[in-house]
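Some notes on the structure that comes next.
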Amino acid sequence: MPEKQEGKWVGKGMKRKEDLRLLTGRGRFMDDIRLPNMKYAAILRSPYPHAWIRGMDISQAPKVSGVRGVLTGDDVAAMSQPFPVGVPIPPKYYSCAVDKVRYVGEPVAVVIADSRYIAEDALDMIEVEYEPLPVVMDIEEAAEPDAPILHDNIGSNIYSHRFFQYGDMQKAYEEADLVVKGKFLFPKYGSTPIETYGVIASYNPFNAELVIYNNYQGPFVNHALVAMALGIPENKMRWIVPTDIGGGFGTKTGLYPYIALIALAAKKTGMTVKWIEDRREHLLASATGTDRVTYMEAAVKNDGTILGLKDKAMDNTGGYIRPPEPGCAYRSTGNHTGAYQIRNLDREVLVVGTNKCLTAPNRGYTCQELYFSVERLVDMVAVELKMDPAEVRFKNFIQADQFPYTTATGGIYDAGDYPKAFQMALDKIDYKKMRKEQQQARKEGRYIGIGLATVVDPSVTNIAYVTLALTPEQRAKGHPKSGSGESVIVKLDPLGKAHVIACTNPQGQGHETVISQIVADELGIHPDDVTVSDVVDTHDRVYTITTGSYSSRFASVGVNAVVAATRKVKEKMKKIAAHLLEANPEDIETKEGKFYVKGAPDKSIQVRHIAGTAHWNQSALPEGMDVGLYASSLLSMPTSQPPDQLDRVDSSNTYGFMAEAIVVEVDPETGQVQFLKWASVHDAGTILNPLLLEGQVMGSIAHALGGTLYEEWAYDENGQCLTASFQDYLVPTAMEVPMVDIGHVETPSPLTALGSKGVGESSTMSVPVAIANAIADALAPLGVTINELPLSPNKIWHLIQEANK
Amino acid sequence: MKLEGTYKFKASQEKVWEVLTNPRHLEKAIPGCEKLEEIEPGKYDVTLKIGIAAVKGAYKGMAEVADPQPPQKYRLIVEGSGSPGFVKGEALIELSHQNQSTIVSCQAEGQVGGLIAGVGQRMISGIAKMMLGQFFKQIGKELKAL
């Protein structure tokens with residue numbers, strides 16, 4: 001239970017309301033849902049990365065006792081449409097392979113049976129005849145004209161290809177003293193939430209309505225996508241989400257093809273069908289972030305000023321491209337230049353397909369890819385100019401008095417003080433002293449390195465950026481897209497207790513707790529007197545397609561919606577109080593559960609009396625006022641606008657900041673990396689709850705540590721996935737995560753009601769490159785170049801051996 | 001995945017050839033082989049039961065004694081698929097005579113796909129090496145029993 005405290009709740013480290021049920025095993029997750037007469041599905045998956053399906057014999061499967069039906073690719077093609085996706089020539093992406101498989105693990109058939117055991121056994125009875133095809137696994141090879149083609153209707157493996165110019169890169173080159181170049185490889189890694197995907201679908205043939213339980217995380221555009229694929233109106237498809245979801249991190253935005261698949265299984269059999277993804281299925285075929293190849297160069301002056309950036313970035317969305325991709329290539333448009341005043345850019349962007357598993361946003365959603373190249377390059381500039389890498393950053397920072405700052409690419413940075421936050425990180429590791437110690441250590445033959453990274457953390461996606469996949473001319477022919485909506489309903493019961501109905505669809509973020517803190521503050525009541533229902537049901541919640549918990553939305557737009565609805569309720573309460581106290585509503589103030597007249601605290605009325613009046617006695621209300629006490633908000637961020645003619649877009653709505661300063665020691669004999677010091681400073685605006693903030697920051701650090709040192713969705717040259725269990729897909733545990741000295745700077749955002757902004761992804765963006773910079777700095781005397789991840793001991797050892805040659 | 005091995009048998013080249021191409025002996029020697037049935041000369045229906053790492057399962061497929069040049073060399077092709085995925089292997093088997101013994105050299109290439117590749121790949125080359133050893137050990141036994 002939250003500790004009893006009086007006064008302002010926002011900003012206090014209130015313990016999570018959610019934890020009591022979660023820690024005592026009373027959470028209700030997807031697999032806890034059991035419906036009457038429920039059947040179970042198992043999915044047959046392709047063992048081939050690229051092959052024609054020449055035949056399928058399903059005749060034996062129904063002979064297994066307890067089998068209720070089989071759904072094949074032919075059924076799926078007959079009963080549904082490919083998912084729409086915003087690229088010039090969409091591939092035909094169905095929820096199941098139809099005539100060709102394009103990655104190992106792609107669904108090819110579904111068996112529905114009385115138990116999962118029976119369904120799994122019956123999968124063995126299905127004979128599929130495959131005709132294997134040549135595979136393409138490498139991003140750059142996939143883009144070549146002679147590569148094996150995945151989709152004949154596209155004619156190449158390039159799903160999206162665009163050029164962008166901002167400012168005048170040619171002039172930047174002319175004014176530059178030198179150009180620093182690099183090629184950077186970012187691996188394919190995922191999120192591995194503790195709860196895997198799950199779906200239960202039932203179809204009612206009498207009213208043609210589908211009811212689907214699932215643990216997706218949003219955005220709600222997934223609901224529209226499935227309705228379009230199934231060819232049914234959205235209001236005929238009800239989605240219900242369990243009380244608790246065991247982690248999402250972006251991965252669960254990739255759940256929707258399975259929602260369509262299990263819905264079709266339910267429709268075909270006329271039964272209620274449940275499917276829970278097992279861990280091997282998850283590690284083989286759920287969703288990862290994109291792997292990326294980046295060529296990037298910086299035009300710089302001898303004093304360290306970066307005049308311009310030119311880059312070619314190639315993302316890989318695997319066997320198909322599906323929404324929200326090609327967002328991978330465009331999500332970070334507004335913050336492409338990070339924390340720096342860089343006004344000239346020349347960009348080429350490609351999204352290609354290979355025979356790998358498909359993608360979805362993965363905590364940080366391609367900002368880790370972006371900053372891996374930008375921030376490595378900044379360090380390389382420092383090396384070239386023999387400058388301190390901290391000095392190069394200070395030289396190029398956007399300054400505190402420049403906010404709101406519009407970037408060359410159209411991002412509108414709301415607030416920040418980058419030099420202050422960065423200095424805090426440097427001070428935490430005693431940077432200057434550390435540099436001297438590093439020199440001393442080198443004399444002793446020890447390889448100590450200091451890695452820095454300063455990055456801008458975008459939160460609250462503006463859906464508009466997805467349309468950058470189209471040229472301004474193509475966009476003009478279609479309908480513009482923009483927005484970032486969230487909705488909240490606040491109501492007070494007749495005894496004056498508040499209940500909040502939210503639609504943020506959290507996966508463990510603690511929204512119940514923060515909503516209670518905010519509503520308690522706004523209404524002058526105790527957080528214990530606020531209950532929250534944040535369980536999504538598309539039939540009884542209000543939302544827009546951008547609603548959901550993804551892109552660190554809650555602390556910005558989620559909080560705005562909570563505050564807006566609560567303040568509407570409060571306005572009504574003030575009117576009632578003023579009416580009952582015979583005063584002006586403007587003179588009513590609140591404190592500790594009472595509404596009183598300014599300057600006359602004895603003239604007061606309790607919240608429960610105001611609520612009671614609204615519910616019990618309409619005759620005591622001001623004339624013309626509606627009975628009851630509730631208000632709703634459905635709002636977006638005003639900054640969410642479509643891209644302009646020059647392809648500039650404010651791709652997110654609020655922008656935080658992180659500075660990492662990491663000291664490592666590398667053992668050149670083993671390639672082992674040891675963390676000696678680690679400071680991580682964040683500016684996410686006003687802090688709503690420091691305990692939750694610390695949890696998010698440590699979580700994002702652990703997540704990033706995985707992608708940096710351990711995790712990779714690895715494939716062999718034949719297209720076989722090598723990491724389909726936790727034996728081979730290494731995830732850091734608490735033992736691998738070092739102590740981190742976390743610091744905060746609070747620059748309130750002018751765009752949010754309480755000055756807060758998103759921080760859920762945060763260090764996933766800055767840590768990979770900070771560690772890479774630290775290792776590169778440590779191994780600089782050996783002539784080792786670091787331009788790829790993950791930096792496993794054997795990779796570091798090999799890089800040292802190559803440098804020795 | 002590539003494997004190589006050389007094995008020595010105290011028997012004539014013709015005898016070793018006979019054992020190495022006879023389905024009755026191959027059935028016993030191919031590790032995990034539960035059934036080997038001739039469908040046409042040199043081609044067989046096979047059922048294999050193999051456990052790799054935590055993945056045990058049955059594979060149905062075919063085996064072929066291809067391009068036989070008795071008693072010098074042939075290619076042994078084995079393919080199977082089942083719920084754990086698929087296995088494919090091809091071995092070039094060459095026989096030569098040396099001091100009353102027969103030397104068999106084997107150059108094999110194998111491929112696995114699906115689940116077994118995803119959860120067992122780390123172990124596979126070790127297991128394949130072991131299985132190749134088992135195969136020739138059993139061939140030796142078959143020879144002695146002749």
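Both backbone and side-chain heavy atoms feed into the values below; hydrogens, waters and symmetry mates do not.
Most heavy-atom pairs under 4.5 Å with chain B: of the set A:A714, A:C721, A:G105, A:P49, this distinction falls to A:C721.
In this structure, chain A has a heavy atom under 4.5 Å from the side chain of B:L115, while its backbone stays farther away. Of the atoms belonging to A:L722, heavy atoms from both backbone and side chain fall under 4.5 Å from chain B.
Within 6.0 Å of the CD atom in B:Q100, the count of heavy atoms belonging to other residues, nucleotides or ligands does not exceed 12. Atom CD1 of B:I39 has more than 12 neighbouring heavy atoms from other residues, nucleotides or ligands inside a 6.0 Å radius.
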Distance-only criterion, 3.5 Å: which donor-acceptor pairs connect chain B and chain A?
residue, atom, partner, partner atom, Å
B:S83, OG, A:D124, OD1, 3.2
B:G114, N, A:P47, O, 3.3
B:G114, N, A:Q720, OE1, 2.7
B:G118, N, A:C721, O, 3.3
B:G118, O, A:A724, N, 2.8
B:Q121, NE2, A:D716, OD2, 3.1
B:R122, NE, A:D728, OD1, 2.3

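Interface residues of residues 6-38 of chain B toward chain A, defined by a heavy-atom distance below 4.5 Å: none.
Between A:P47 and B:G85, the shortest heavy-atom distance links the atoms CB-CA, 4.2 Å.
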